[in-house]
Amino acid sequence: MAMPLRQSIRLGAYLAKQKLRRREKYAILVELEPLFACNLKCGGCGKIQQPAHLLKQRMPVQQAVGAVEESGAPMVSIAGGEPLMHPQIDEITRILLERNKIVFLCTNALLLPKHIHKFKPHRNFAWMVHIDGLEEKHDASVRKEGGFQAAVDAIKMAKDAGFRVMTNTTFFNTDAPQDVIDVLDYLNDEVGVDNMQLSPGYAYEKAPDQEHFLGVQQTRELFTKAFAGGRRKKWRLNHSPVFLDFLEGKRDLECTPWGIPSYSLLGWQRPCYLLDDGYAKTWRELIEETEWDKFGRGKDPRCANCMAHCGYEPTAVIATTSSLKETLRAAVGT
């Protein structure tokens with residue numbers, strides 16, 4: 001199935017405006033990281049490898065909101081670290097919603113029951129809960145026994161309270177096609193989440209586990225088999241059909257790293273949140289002074305195995321809105 005209709009319409013209008021203004025580079029979604037601290041030590045994430053003084057810092061509310069406004073992006077993914085450890089995360093979320101942003105609050109959900117009372121359901125807000133496989137795989141990935149069941153319980157609590165809930169699942173070379181099928185079937189049919197996102201794992205330089213990230217051919221084989229038989233049509237996936245085609249190897253795409261930029265306590269990360277080539281103080285500096293042509297598969301060896309949605313979903317969305325055929329295809333989710 002396709003992206004939610006409201007999200008698709010909002011994106012289409014925004015992209016049309018950028019085209020009329022003849023802008024070549026613009027943000028579609030900002031990865032906002034108001035802290036690096038987390039209550040887990042996941043093997044595939046390097047955020048908590050930051051120095052101790054940075055792990056103690058929390059981004060001021062106006063700085064967080066100001067960065068999103070500066071970029072002009074219509075959507076925000078609030079990540080980290082664990083955002084629910086930020087004492088003013090509810091205020092950041094509320095102000096962004098008041099400014100008509102679509103907000104996804106990413107969380108491992110362990111703290112969600114304690115903080116859910118600070119939030120109210122909103123048509124532009126969704127919890128984005130990380131679920132990296134079914135119970136055994138998820139608990140091993142987050143390195144916490146009981147993490148999976150706690151996350152599922154929190155999802156059900158949020159759904160019962162009237163919130164929209166999405167999930168984000170990263171797959172590694174330890175996953176077989178049946179693992180992909182099983183977790184998406186479970187989240188789609190049994191848990192009943194509103195939408196799901198997925199991504200092949202990217203080898204973060206600081207991640208403790210460097211052995212289990214997928215290569216390009218492995219990614220294509222994994223998703224070709226997992227999507228076989230028309231399965232992807234029944235899952236409520238928050239992705240464009242073009243991006244899903246890309247995962248299967250049915251088409252290739254250029255990376256669009258400026259489409260989903262990352263803003264953290266260190267500033268705007270160059271060129272994306274997966275690579276660490278320094279930081280820009282302002283959005284304008286990021287766009288105008290980053291040598292974008294140097295990045296992507298075939299250009300930078302660090303990009304060779306990357307098929308992550310942060311780089312390629314923006315390209316897919318732009319390709320979709322530039323084609324009547326793809327626009328119609330996305331509308332019906334085929």
Side-chain angles (χ1 to χ4, degrees), residues 38-49 79-82 106-110 128-152 155 166-191 193 196-229 231-232 235 237-239 243-250 272-275 297 301-313:
C38 189
N39 55 340
L40 290 176
K41 299 179 180 180
C42 302
C45 177
K47 297 299 180 181
I48 62 169
Q49 304 301 319
E82 170 52 58
C106 302
T107 175
N108 56 49
L110 297 184
M128 179 74 77
V129 179
H130 295 278
I131 299 289
D132 287 336
L134 295 180
E135 188 165 13
E136 183 177 352
K137 281 186 173 291
H138 178 88
D139 287 0
S141 178
V142 303
R143 300 182 175 182
K144 182 176 179 61
E145 185 176 352
F148 175 81
Q149 192 56 54
V152 170
I155 289 172
M166 303 171 65
T167 55
N168 186 18
T169 303
T170 304
F171 294 99
F172 300 90
N173 63 15
T174 53
D175 290 299
Q178 193 60 49
D179 295 318
V180 179
I181 295 167
D182 289 346
V183 69
L184 294 183
D185 275 349
Y186 177 74
L187 294 171
N188 192 85
D189 302 336
E190 296 188 41
V191 181
V193 299
M196 299 171 289
Q197 288 188 179
L198 48 85
S199 184
Y202 176 80
Y204 286 101
E205 185 179 353
K206 293 183 179 180
D209 182 357
Q210 291 289 321
E211 299 179 3
H212 297 121
F213 292 103
L214 287 160
V216 170
Q217 191 56 38
Q218 290 175 306
T219 296
R220 290 170 175 168
E221 291 176 359
L222 177 67
F223 289 107
T224 294
K225 293 176 181 178
F227 292 164
R231 292 188 191 93
R232 76 184 223 193
W235 292 323
L237 298 174
N238 188 46
H239 291 292
F243 177 70
L244 299 178
D245 289 346
F246 168 72
L247 291 182
E248 291 190 68
K250 292 180 177 178
C272 66
Y273 87 97
L274 297 175
L275 299 182
R297 292 212 307 273
R302 296 172 299 174
C303 304
N305 289 319
C306 181
M307 295 181 72
H309 66 84
C310 64
Y312 293 97
E313 182 69 89

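Residues take their numbers from the sequence shown, with the count starting at 1.
In this structure, Thr174 OG1 and Asp179 CG are separated by 7.5 Å, a value rounded to the nearest 0.5 Å. Rounding to the nearest 0.5 Å places SG of Cys306 at 5.5 Å from CG of Leu274. Here Leu237 contributes atom CG and Phe227 contributes atom CZ; the two are 6.0 Å apart, rounded to the nearest 0.5 Å. Atom NE2 of His138 is separated from atom CD of Gln149 by 10.5 Å, given to the nearest 0.5 angstrom. We find the CG-NZ distance between Leu110 and Lys144 to be 6.0 Å, quoted to the nearest 0.5 Å.
Under the rule for a side chain to side chain contact (heavy atoms under 4.5 Å, CB included), the partners of Asn168 that lie at least two apart in sequence or sit in another chain are Met128, His130, Gln197, His309. Partners of Asp175 by salt bridge (Lys or Arg N to Asp or Glu O under 4.0 Å), not counting sequence neighbours, listed by chain and number: Lys137. Applying the side chain to side chain contact (heavy atoms under 4.5 Å, CB included) rule to Gln217 yields the partners Arg220, Glu221; only residues at least two apart in sequence or on another chain are considered. The side-chain hydrogen bond (donor to acceptor under 3.5 Å, both in side chains) search around Thr219 returns none, not counting sequence neighbours. Annotation: side-chain hydrogen bond (donor to acceptor under 3.5 Å, both in side chains) contacts of Asn39 (sequence neighbours excluded): Asn108. Every residue was checked against the side-chain hydrogen bond (donor to acceptor under 3.5 Å, both in side chains) condition with Glu135, not counting sequence neighbours, and none meets it. Every residue two or more places apart in sequence or in another chain that forms a side chain to side chain contact (heavy atoms under 4.5 Å, CB included) with Asp182 is listed here: Leu134, Gln178. Taking Lys250 as the reference, Glu248 meet the salt bridge (Lys or Arg N to Asp or Glu O under 4.0 Å) condition, with sequence neighbours excluded.
Met307 places a side-chain heavy atom less than 4.5 Å from the side chain of Val216. For the pair Ile131/Tyr186, no side-chain contact is recorded, criterion being any heavy-atom separation below 4.5 Å from C-beta on. Put simply, the side chain of Asn305 does not reach to within 4.5 Å of the side chain of Pro200, judged on heavy atoms. At least one side-chain heavy atom of Arg297 sits under 4.5 Å from a side-chain heavy atom of Tyr312. The side-chain heavy atoms of Thr169 and Met196, taken from C-beta on, include no pair separated by under 4.5 Å. Under the 4.5 Å side-chain criterion, counting only non-hydrogen atoms from C-beta, Asp185 is in contact with Trp235. Taking 4.5 Å as the limit, every side-chain heavy atom of Leu40 sits out of range of all side-chain heavy atoms of Glu82. Looking at Val191 and Thr167, their side chains never come closer than 4.5 Å, going by heavy atoms from C-beta outward.
Judged by distance alone, with hydrogens and angles left aside, the side-chain atoms of Arg231 form a donor-acceptor pair with the main-chain N or O of Lys225 at under 3.5 Å.
Residues Asp132 and Ser141 share a closest heavy-atom pair of OD2-OG, 3.5 Å. Between Ala308 and Ser199 the shortest heavy-atom distance is CA-OG, 3.5 Å. Contact detail for Ala151 and Val129: the closest heavy-atom pair is CB-CG1, 4.2 Å. Between Phe223 and Leu198 the shortest heavy-atom distance is CE2-CD1, 3.8 Å. Here the closest heavy-atom approach between residue Asn238 and residue Glu313 is recorded as O-OE1, 4.2 Å.
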